[in-house]
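Note sheet for the following structure.
Throughout, a chain's letter reflects where its sequence line sits, starting with A, and its residues are numbered from 1.
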Amino acid sequence: MVVSKQWDARYFQLAFQVIFLSYGLLFLHWSADWVNYVCFIATGLLLQCACDYIIKRKLLIAVLWNGSKSVLISCLSLCLLLKTNHWDVCVLAAAVTVLGKFIFRYRGKHIFNPSALGIVAAVYFTDDAWISPGQWGSNVVLFFGIICLGLIVVTRVQKLDVSVAFLLTFAALLFARQILYLGWPMDFFIQSISTGSLLLFSFFMISDPKTAPNHPAARIIWAMSIAAVAFYLTTFKFINGAPIWVLVFAQPVVPLLDQLFKAKRFEWKTDSVNNAHPVQSLNLSIQQ
Amino acid sequence: MKKKILIITAVIGLSPLLYSFCGFYVSKADGGLKNKTSQVILVREGNRNVITMYNDFKGDTKDFAMVVPVPVVLKKSDIHVVDPSIFKRLNDYSAPRLVEYYDQNPCYESNLDQVLAGKVAGVQLNEVAVVGYDAKRKDLGVKIEAKYLVGEYDILILSAKESNGLKEWLTGNGYKIPTGAEEVLDPYIKSNLKFFVVKVNENEKKKLNNNFLRPIQIKFNSPKFMLPIRLGMANADGDQDLIVYAFTAKGRVECTNYRNVDMPTGKNIPLFVQKNFSAFYSNLFTHQWENENKNMSMLEYAWDVSPQNFMKCDPCVAEAPNQQDLVQAGVFWLKKDWTDYSDTEDDNDDYIVSNNVYFSRLHFRYNRQSFPQDLAFQVTPNKENFQARYIITHPATGDLSCEAGKRYLQDLKQRRRNELKQLTALTGKDISTWQDEVADNNDEISNEEVVYSTLLKESKENNSGSENNGSGLLLLSLAAIGGAGLMKWKNII
């Protein structure tokens with residue numbers, strides 16, 4: 001499933017993440033944790049460079065330019081989602097995010113969504129970090145904004161199926177529970193699904209083509225299962241940020257699904273001839 | 001300019017602000033009962049919840065009753081009546097504060113330390129009278145799970161099979177169900193919630209010889225950390241204010257299904273605001289609330305109030321709650337011989353390991369439209385202190401004719417201009433609304449150029465009426481710039 005578009009959808013993703021962060025800081029009045037942002041991004045980039053250098057023996061500058069898009073996206077996800085008052089927790093989260101990509105691999109594909117793994121590790125192991133599901137509010141404008149921007153990014157990498165399967169399943173289950181069974185009014189349900197956190201997760205995290213199953217059918221089954229488990233944990237166990245946790249635990253299943261449903265692996269359309277097959281070259285060096 | 005902090009004065013009557021709360025009142029007659037204002041103490045550790053509810057009650061007070069949805073059938077030992085003073089204590093301690101600074105005269109270095117006493121206006125208790133009720137009932141699918149007399153209250157815990165039965169039961173027992181209450185009864189019943197119905201026992205009330213209703217404290221185990229406000233909206237007249245005082249052993253409490261916003265803090269405001277600080281804060285809150293789309297949780301205070309922490313506020317406007325207050329507020333892990341939960345499952349000493357107490361004060365102003373869901377919360381490890389704090393600065397007095405004094409007057413003029421701008425930005429009200437306070441104010445400085453009344457006139461003349469309402473526009477342009485940059489980048493690549 002190689003993208004036929006001329007250029008990399010990750011530029012879009014980066015731009016939109018920057019817009020979301022600016023929106024949060026300027027209009028939602030988040031307290032700007034500049035130290036955190038610097039720690040996330042600096043740690044992420046430095047570690048990525050170091051790992052690339054060790055594995056690929058590439059010049060630092062070249063690596064920084066070619067390899068920085070994905071890691072920047074992961075670090076911006078951390079900026080958007082993870083809250084902490086300690087810079088060392090930021091360093092840890094960014095380190096797990098980057099190293100997770102290099103350590104947990106199966107057949108040349110990293111298993112975990114990097115930022116989801118970093119977030120879960122920071123929240124679970126440090127007890128000094130948390131996720132704020134309420135930080136986005138449920139503004140309808142924001143709702144449409146994220147959907148539109150998300151659609152652009154996702155369609156560019158042709159994996160709309162994961163986002164839609166997840167979101168529709170989750171929304172359908174919530175609708176069945178809240179409106180059909182419990183009988184809450186409609187605005188109760190709308191408040192539940194129009195939260196920025198859920199939409200960001202759907203369009204910018206679970207949709208990551210590198211960590212989703214390769215086969216379309218497998219992807220849809222996988223996304224729907226995540227939605228079902230997340231719904232159960234949210235509704236009956238009152239776990240906040242359940243989708244992220246479920247995603248991390250659902251990712252070891254992906255290699256299994258890839259075995260069952262054979263399909264061509266996703267590759268980012270890269271913009272440099274030198275770096276045309278980063279995954280393969282990486283794979284080789286690991287096998288050595 | 002050298003400044004010296006000399007005094008801390010205080011604060012606020014939250015008087016024009018109103019509190020509201022999580023149950024609804026059902027009246028026996030069309031008494032036009034409204035609940036507008038309330039305060040709740042939430043204590044949460046593990047799955048254990050202690051909720052203390054205190055309502056100022058308005059309307060025809062002889063028809064008082066209250067219904068609160070609860071997740072479990074409460075035992076008698078789980079229900080207490082507490083002294084209302086705890087609410088005053090917490091409100092005084094955590095209310096938004098005004099801080100005073102004094103400029104030193106640059107022409108001669110005198111040190112006149114002055115200390116003024118702080119005063120805090122508390123929340124008034126309201127008179128409430130009550131009547132008894134007939135316990136007649138027929139089979140409507142409504143079951144009285146428990147029936148207790150606690151303090152001056154008769155308490156029933158009901159479970160129901162469907163909302164019509166419950167409605168009929170309540171109506172049959174002489175309660176008037178407010179319009180709009182039905183839409184939430186069904187979801188609550190289907191969520192397997194019980195209904196905690198409170199009325200006042202007149203005989204017990206007479207024995208107490210007081211004229212107010214004491215707060216009720218309930219304890220229960222539930223993984224759900226929430227506050228049911230939807231029932232309370234049923235008979236609400238417009239917007240309702242709710243102050244939540246939350247205690248945890250870990251850190252701040254924040255709302256998970258509405259946005260959390262910090263109150264603007266640390267702002268320099270004009271000296272004359274001192275005359276009417278509570279009006280200032282009321283305007284400030286309303287303005288922020290409108291700016292933030294009217295559906296958010298506003299943080300007003302957050303502090304580590306553990307008994308072992310010596311600095312419980314900075315500056316303090318009232319005495320910090322002591323260990324006894326905290327225990328009374330329901331902070332059960334501070335109690336050494338804590339036995340109230342001895343008969344609940346998993347009762348071991350896990351919960352008494354910590355001596356930490358973290359306090360958050362959240363202010364909600366809600367209505368049916370902006371708050372379709374009950375409030376859901378989470379405990380975060382965020383231990384950062386926060387206070388809503390506003391600063392006024394007294395000018396230097398005496399002879400300011402030296403060089404440094406002249407520079408000081410220039411600085412002062414600019415500072416005061418900024419203060420006036422800040423005041424408008426914070427409250428969204430034109431400075432001219434402060435005309436009376438400015439006229440009343442002893443400006444403490446005689447130089448015509450720097451007194452507020454001169455600057456006020458000047459600012460009125462300069463006021464071009466430019467309003468900053470382009471938040472959406474700015475976002476849009478940001479997106480456009482980003483998009484354009486991206487396109488350009490694409491071409492370069």
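Looking at A:Q135, only its backbone comes within 4.5 Å of chain B, counting heavy atoms on both sides. Contacts of A:D187 with chain B are made by both backbone and side-chain atoms, with heavy-atom separations under 4.5 Å. Looking at B:E384, both its backbone and its side chain come within 4.5 Å of chain A, counting heavy atoms on both sides. For A:I131, the part lying near chain B is the backbone, with the side chain staying farther off; criterion is any non-hydrogen pair under 4.5 Å. Neither the backbone nor the side chain of B:F386 comes within contact range of chain A, judged by heavy atoms closer than 4.5 Å. With a threshold of 4.5 angstrom between heavy atoms, A:S192 approaches chain B through its backbone and through its side chain. At a 4.5 Å heavy-atom cutoff, the contact between A:N240 and chain B is made by side-chain atoms alone.
Within 6.0 Å of the CZ atom in A:F249, the count of heavy atoms belonging to other residues, nucleotides or ligands does not exceed 12.
Both tests do not hold together for B:K250 against A:W130: distance to the six-membered ring centre under 6.0 Å, angle to the ring axis within 45°.
No side-chain N or O of B:N293 forms a donor-acceptor pair with one of B:Y258 less than 3.5 Å apart. Between the side chains of B:T427 and B:N283, no donor-acceptor pair of N or O atoms lies under 3.5 Å.
Proximity of B:R230 to B:P228: side-chain heavy atoms (C-beta onward) are nowhere separated by under 4.5 Å. Looking only at side-chain heavy atoms (C-beta outward), A:F166 and A:L198 come within less than 4.5 Å of each other.
Each of A:F204, A:F203, A:F27 was evaluated against A:F20; a single residue qualifies, A:F204, per the ring-ring contact (aromatic ring centres under 6.0 Å, His included) test.
Options B:C255, B:S297, B:S191 differ in how many heavy-atom pairs under 4.5 Å they form with chain A, and the most are formed by B:S191. Chain B forms the most heavy-atom pairs under 4.5 Å with one residue out of A:G183, A:G241, A:S132, and that residue is A:S132. Most heavy-atom pairs under 4.5 Å with chain B, from the set A:P185, A:P133, A:G134, A:S31: that is A:G134. Listed options B:A376, B:P223, B:G251 were ranked by heavy-atom pairs under 4.5 angstrom with chain A; first place goes to B:P223.
With respect to B:E183 and B:R368, a salt bridge is recorded, a charged nitrogen being found less than 4.0 Å from a carboxylate O.
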